[in-house]
Every structure is written in C-alpha cells, then in structure tokens.
Amino acid sequence: MQASAPGKVILCGEHAVVYSQPAIALPLPDLRAMAVVTQTGSNEFVIELPDLGERVTARDHPDHPVIQLARSTAEQIGLQSLPHITLSLQSLIPIASGMGSGAALGAALVKVIAAYSGSELPPQTVSRLVYESERFFHGTPSGIDNTVVSYEQAIWFERTTHNGRLSTNDQPAPATIEPITIGRSFWLVIGDTGVWAPTHLTVGGVRQRWQRDPDHYNALFAAIGDVVRSARSALAAGDLAELGALLDQNQTLLEQIGVSSPQLERLIAAARRSGALGAKLSGGGGGGIMLALTDEATHDRVAAGVRSAGAARVISTPLHGDRGVVHG
Ligand code: PMV
C-alpha cells in the first residue's frame, strides 16, 4: 500500500505575498513524495527515511515530527494507537529548495496511514494536519505548501490582513485560498543555483528595507500584485506568451526588491536565450531556484541551456491544463 503527494513551486507573487498581495502556486504532479507500507505485523510503528538515512520509531522518537504527524493522523481517523507497520518515506523533490518537499512528505504520510486504516481523508483535512505539523516544527508557514500538495491544484493565495503579519506574529494571517484554472498545458524548467539561501533570511532582508523606505517597497509590492492578477487571467486563457512576459516583469520587480542574485540571473538569462517564454526566480530568492516557462517543443532546449549555464540541478516537468488536454 502506498500514497504520494506532489511538490510545488511559486509561479509568481513571492515576497509581495507577505505584504498582502496575491501569489500563484502550482503543484508539480511528476515530482512526488511517496509513503509506502513496507512491512505489516512489525512490533511497533516505524518510519524509515532512506533519503536522510534515518529510522524512527514511535517508542524511541515520540517527539520526531513524522511520529507526531502520524499520531495526529491516527487521532483524526479515530484509531486508539498507531498501527504496527513499517513505512518508508521517500521523495524525488529536492529538500530545502522551496519545492514543498516537507509538506509533500507529510501529506503522503497522512494519506498512507488513512488508506491503511481503511479511511480516506478529504484534501482539506490532509492540508490542515500537514499545516499544523509544519507550524509546530517550523514556526510560521505561509499555508501555501500544505494547500498545494494536498489539493494537487494550482492555487491563488492571498492573505487578508495587512503588512507582513506572517513574519512578526505566531499566528499566520488568515488567507484566501482558491483553486485556479490552467487553460492550456505547458512545461516548467526549474533550475537550482545550488546556493543555499534560507527563506527567512531573504524575507527578513526585505522587511528591513521595507521599514526604511515603505512607500517605495509598497509600490513594488503593488506592481507585483498587478502582475499576479494578470498572470491569473493569462493562465486561464492559456495565453502562454503573455504569461511568459508577465513572469519576466515579475523578475524585474524581484530584482528591484533585492532578492535576486548573479547566479539566478545567469540561469534566467540562459533560459530566455534558449527559447523560454519567460523566466524568474521562484520562492525566497537570494539563491535557490529559478523557473522558466516553455512549451512542449522547447523544454529540452531550455533545460540544456540552464544546465550549461551552471545549474546544480535541472528539472523539467509538465503542467496539465484543466480541460483534459495533455499537450494543449
Ligand atoms: O521558498 P518558498 O517556496 O517557501 O517560498 C517563500 C515565499 C515567500 O513569499 C518569500 C515567503 C512566504 O512565506 O510567503
């Protein structure tokens, strides 16, 4: 028995989303985390994490995040205790790269425990359990990752309160989260700079600059908000040329906010030269990943371009339109 959940990327709106502008996030259906029941009739509940070389048991590691999440899942489905099984948690999603690997592993774990116990949890319950787990262990998750990986849908995400409560409060601001339409299939080429840049540091840097010059930064955030609203329409209409141009505009604004980097810009330039419809950094920036929008015919060429510009890793993945057209 097994269950899986996809990774995610932020298509546009990162950073400005902390200041109440909208963002769009996409699931990566071909890049998944998997939870597999490898043994039943074990003497206790065991989770193996081969990617990390870890083996945790409910008895010896009661406070481990995956054991805690397994417990809240068991409670949710009304089990008296954790089943005596061994699970393996594995992921194709690069760790700590803004691609939702932690949330996807969590969602796969929740789903496999439910399935093993003969129940099926609706996506909103999977999402809530994963969110609570991330919140407990990582502080103030935005709510984007757990939502996208649990619903496996493109989402519109917008906090409804003002001015970056996310980073200053324990309680994340309430958010509007809605599924959005992808009118036409496309490909994303994702290039990893290999430069480690934790999101809380780039978010903190933006906050300092915003505090020094709020009017300037609020104007940049508002401009990103306009780009994201137009991107939603372009996505729905399947207008990939327009969407690409909007991603380029978003990148320019992110550079003005100060979260780009020479490595990111080298990969972005290479993607554009190799025929991408648009390219930008994705997530926290400062390093981390970039993404390029391409169609089916060009994704190989763009991936080769990004690779030869020095990417530490390149992933190409299709995003399917909602109208059932695989390559629209
Ligand atoms: O790197 P990720 O995917 O966790 O994205 C960070 C997105 C930010 O807007 C920079 C921060 C946030 O919490 O929304």
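In this chain, numbering begins with 1 at the start of the sequence shown. Both ligands and their constituent atoms are indexed starting at 1 by order of listing.
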Side chain Arg232, main chain Trp156, donor-acceptor under 3.5 Å: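 It does not hold such a pair.
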N/O donor-acceptor pair under 3.5 Å between Glu14 side chain and Gly283 backbone: yes
Selection residues 218-229 - residue pairs positive for salt bridge (Lys or Arg N to Asp or Glu O under 4.0 Å), sequence neighbours left out: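 Matches after skipping sequence neighbours: Asp226-Arg229.
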Pairs involving residues 31-52, ordered by first then second residue, that meet salt bridge (Lys or Arg N to Asp or Glu O under 4.0 Å) (sequence neighbours left out): Arg32-Glu152, Glu44-Arg59, Glu48-Arg55
Atoms of ligand 1, numbered as shown, that sit under 4.0 Å from any heavy atom of [X]:
X: Val17; result: 9 (O), 14 (O)
X: Glu14; result: 9 (O)
X: His15; result: 8 (C), 9 (O), 10 (C)

Proximity winner for atom 5 (O) of ligand 1, if only heavy atoms of Asp145, Val148, Ile10, Val18 are counted: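 Minimum heavy-atom distance to atom 5 (O) of ligand 1 goes to Ile10.
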Option set Val206, Val203, Ile289, criterion heavy-atom distance to atom 11 (C) of ligand 1, minimum: Val203
Salt bridge present between Glu75 and Arg71 (N-O < 4.0 angstrom): no
Ligand 1 versus Lys8: contacting region, heavy-atom distance under 4.0 Å: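 Contact part for Lys8 vs ligand 1: side chain (C-beta onward).
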